[in-house]
Amino acid sequence: VQNKEAILLRYHEIALKGDNRGWFEDKLASNVRKLVSRALGQDESVEVHQQHGRMILEANWNKETQTALSRVFGLSSFSPMKRVPTDREAIQNAILAEAENYIKKHGFPESFRVKTRRSEKAWPETSPQIDTFLGGPVKDKYPLLRVDLKNPQLLIGLELRFKESYIWTEKFSAEGGLPVGSNAPLLALMSGGLDSPVAAIQVLRRGSSCSFIHFYGTPFVGPEALEKVQDLVRIVNRYQADPQPLHVIPFGKTQEKIALQVSPRFRTILYRRMMLRIANRVAQKLKLNALVTGESLGQVASQTVENLATINSVSKLPVFRPLIGFNKDEIIEKAHRWGTFDIAIRPAVDCCTLFSDRHPILRSTETLVEEEESKFSVQELEEEAFAGMEIHPAF
Ligand code: ATP
Ligand code: MG
């Protein structure tokens, strides 16, 4: 069944990928299908056709579709379109109707132009000739309306095809990036703070899907801490076509045992090293290729260069820190844009602050840290925490 309406999807970066281009386009199209169908609450997948470096989504324009498309990484922009039979008079009339509509809604524009993209050579004339011809009736009806080819206030776009063509006037920008699934999957360490969900979405935007792990301070923190992480995961999962599970490691007792044995100044670093060891295990089990954290250089005591180095050194897998060079206000701006802010600022205790010291060491060394770790059985605690893992299926 053909809809009257359709949506034009544009993409940039993946168009540059040479021989892999078709593969990237298939990923992008499949992500659009899944994310839009999910947003519309429909089991049946929406149709997406690939055409000449653009895609056409067979769907009506509404708020849900618009929101879903704004979350598909790899798209650069999109436009709701009307279908017209490829007939000179029909297209002229449709373009005139668009102009009249625009004037009714927004008042008389400064300037206008028609812009034809002739990816199928339905007509022999050049695109500029076609533009002038199709804009004719608009010019006749509104002689004072100036044509501006460079920067028109009203741009009427035409995608010219053999049988049916498409007209659009509105263009919404999307996030760009690469389609999720075009790069290897990762494991994101989710704390419940502002930074980690933004970090996870940053790597989704570069094409890696994310599974999630949370170290839960139970029994010393309440269920609100876990609920907050679940809510954040739900938001991050909106950006991937296949939502991923949350792995929860009970961690409060582990921290208590560490805290009782070591010098207080080292507690936080030792917790973080333990988290990375366990995250490595989980990632290897799930065949994930790297970890992602929300660390940013110098933001807190555990994020000095020296402390990041001693934390990092226990990880066999690469640890990606997409926020390393971000200021807090830049992170907050992204949290607002991506919808994680309101949840992230809900009050809840993160386990990292459990039994933590007011004056943590700022310049740890491997030797100092290993000396502290020799005071308890690292392996035993690691095994114990890992054994308590619970998996919350994708939601
Ligand atoms: P966030 O805003 O993400 O909580 P933060 O600025 O509070 O980060 P830290 O608490 O030092 O900084 O945590 C740094 C990173 O370590 C987090 O972004 C997250 O990736 C990881 N992390 C910290 N605590 C946990 C936890 N309880 N479970 C999983 N990952 C965690
Ligand atoms: Mg935190």
Side-chain angles (χ1 to χ4, degrees), residues 186-203 210-218 220-233 235-236 246-255 258 267-283 290-305 307-308 310-312 314-315 317-332 334-335 338 340-341 343-357 360-362 364 385-386 388-390 392:
L186 310 177
L187 181 63
L189 280 77
M190 296 286 287
S191 65
L194 267 166
D195 305 331
S196 38
V198 171
I201 298 174
Q202 289 268 104
V203 294
C210 282
S211 277
F212 308 94
I213 186 167
H214 174 62
F215 296 88
Y216 180 27
T218 181
F220 304 106
V221 304
E224 70 284 351
L226 180 58
E227 279 159 23
K228 197 177 164 190
V229 174
Q230 288 169 324
D231 288 349
L232 287 168
V233 165
I235 304 280
V236 178
L246 170 64
H247 301 77
V248 178
I249 306 277
F251 203 60
K253 289 282 185 200
T254 314
Q255 289 179 273
I258 294 174
R267 283 172 185 165
T268 304
I269 292 182
L270 299 188
Y271 301 159
R272 305 294 323 281
R273 278 165 64 102
M274 191 58 91
M275 284 185 189
L276 278 195
R277 290 189 184 98
I278 296 167
N280 266 265
R281 272 203 180 200
V282 174
L291 308 177
V292 185
T293 73
E295 287 155 316
S296 151
L297 197 56
Q299 198 193 74
V300 290
S302 59
Q303 294 168 16
T304 61
V305 173
N307 289 349
L308 284 172
T310 48
I311 291 168
N312 197 64
V314 300
S315 184
L317 294 173
V319 181
F320 295 158
R321 299 180 170 89
L323 307 186
I324 200 74
F326 281 54
N327 299 329
K328 200 76 191 184
D329 52 350
E330 292 163 334
I331 297 170
I332 288 173
K334 290 205 180 318
W338 288 335
T340 56
F341 184 84
I343 300 170
I345 59 164
R346 262 163 35 194
V349 182
D350 181 49
C351 71
C352 259
T353 55
L354 282 181
F355 323 108
S356 65
D357 194 60
I361 183 156
L362 293 177
S364 62
F386 180 72
M389 178 165 80
E390 277 184 22
H392 299 223

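Both ligands and their constituent atoms are indexed starting at 1 by order of listing. Here, residue 1 is the first one in the sequence, and each next residue gets the next number. Values below: all heavy atoms of this structure, side chains included; hydrogens, waters and symmetry mates excluded.
- Contact annotation: the side chain of Thr340 approaches that of Ile201 to within less than 4.5 Å [non-hydrogen atoms, C-beta and beyond].
- Residue-level proximity to ligand 1 for Thr268 is absent, since no heavy atom of it falls below 4.0 angstrom.
- For CD of Glu224, the number of neighbouring non-hydrogen atoms (other residues, nucleotides, ligands) closer than 6.0 Å is greater than 12.
- Side chain of Asn307 to backbone of Ile361: a donor-acceptor contact under 3.5 angstrom is found.
- In terms of N/O distances under 3.5 Å, ligand 1 is approached by Leu194.
- Between the side chains of Thr310 and Ser364, a donor-acceptor pair is found at a separation under 3.5 Å.
- Interface atoms of ligand 1 facing Thr293, defined by a heavy-atom separation under 4.0 Å, are 20 (O).
- Using a 4.0 Å cut-off to heavy atoms of Ile213, the atoms of ligand 1 that qualify are 29 (C).
- Selection from Arg272, Lys328, Gln299 by nearest heavy atom to atom 6 (O) of ligand 1 gives Gln299.
- Close approach of ligand 1 to Gly294 is summarised as follows: ligand atoms under 4.0 Å from at least one heavy atom of the residue are 17 (C), 18 (O), 20 (O).
- Residues Ser315 and Leu276 approach most closely at CB-CD1, 4.1 Å, considering heavy atoms.
- Remark: among candidates His247, Gln255, Gln303, the nearest residue to atom 9 (P) of ligand 1 is Gln303, based on non-hydrogen atoms.
- Of the options Phe251, Phe212, Phe215, the smallest heavy-atom separation from atom 26 (C) of ligand 1 is shown by Phe215.
- Residue Met275 has at least one heavy-atom neighbour below 4.0 Å for each of these atoms of ligand 1: 24 (N), 25 (C), 26 (C), 27 (N), 31 (C).
- Against a heavy-atom cut-off of under 4.0 Å, Leu189 is close to the following atoms of ligand 1: 19 (C), 20 (O), 29 (C), 30 (N).
- Listed by number with element, the atoms of ligand 1 under 4.0 Å from a non-hydrogen atom of Glu295 are 14 (C), 15 (C).
- Side-chain contact check for Thr254 versus Tyr271: every heavy-atom pair is 4.5 Å or farther apart.
- Of the inter-residue distances, the one linking Ile331 atom CD1 with Gln202 atom CD reads 9.0 Å to the nearest 0.5 angstrom.
- A pairwise comparison of heavy atoms in Ala335 and Leu194 identifies CB-CD2, 3.7 Å as the closest pair.
- Judged by distance alone, the side chain of Gln303 and the main-chain N or O of Ser296 form a donor-acceptor pair under 3.5 Å.
- Under 4.0 angstrom from ligand 1, the non-hydrogen atoms of Met190 all belong to its backbone.
- Short contacts between ligand 1 and Gly193, defined as distances under 4.0 Å to a heavy atom of the residue, involve ligand atoms 1 (P), 2 (O), 4 (O).
- With a 4.0 Å heavy-atom cut-off, ligand 1 is reached by the side chain of Ser302 but not by its N, CA, C or O.
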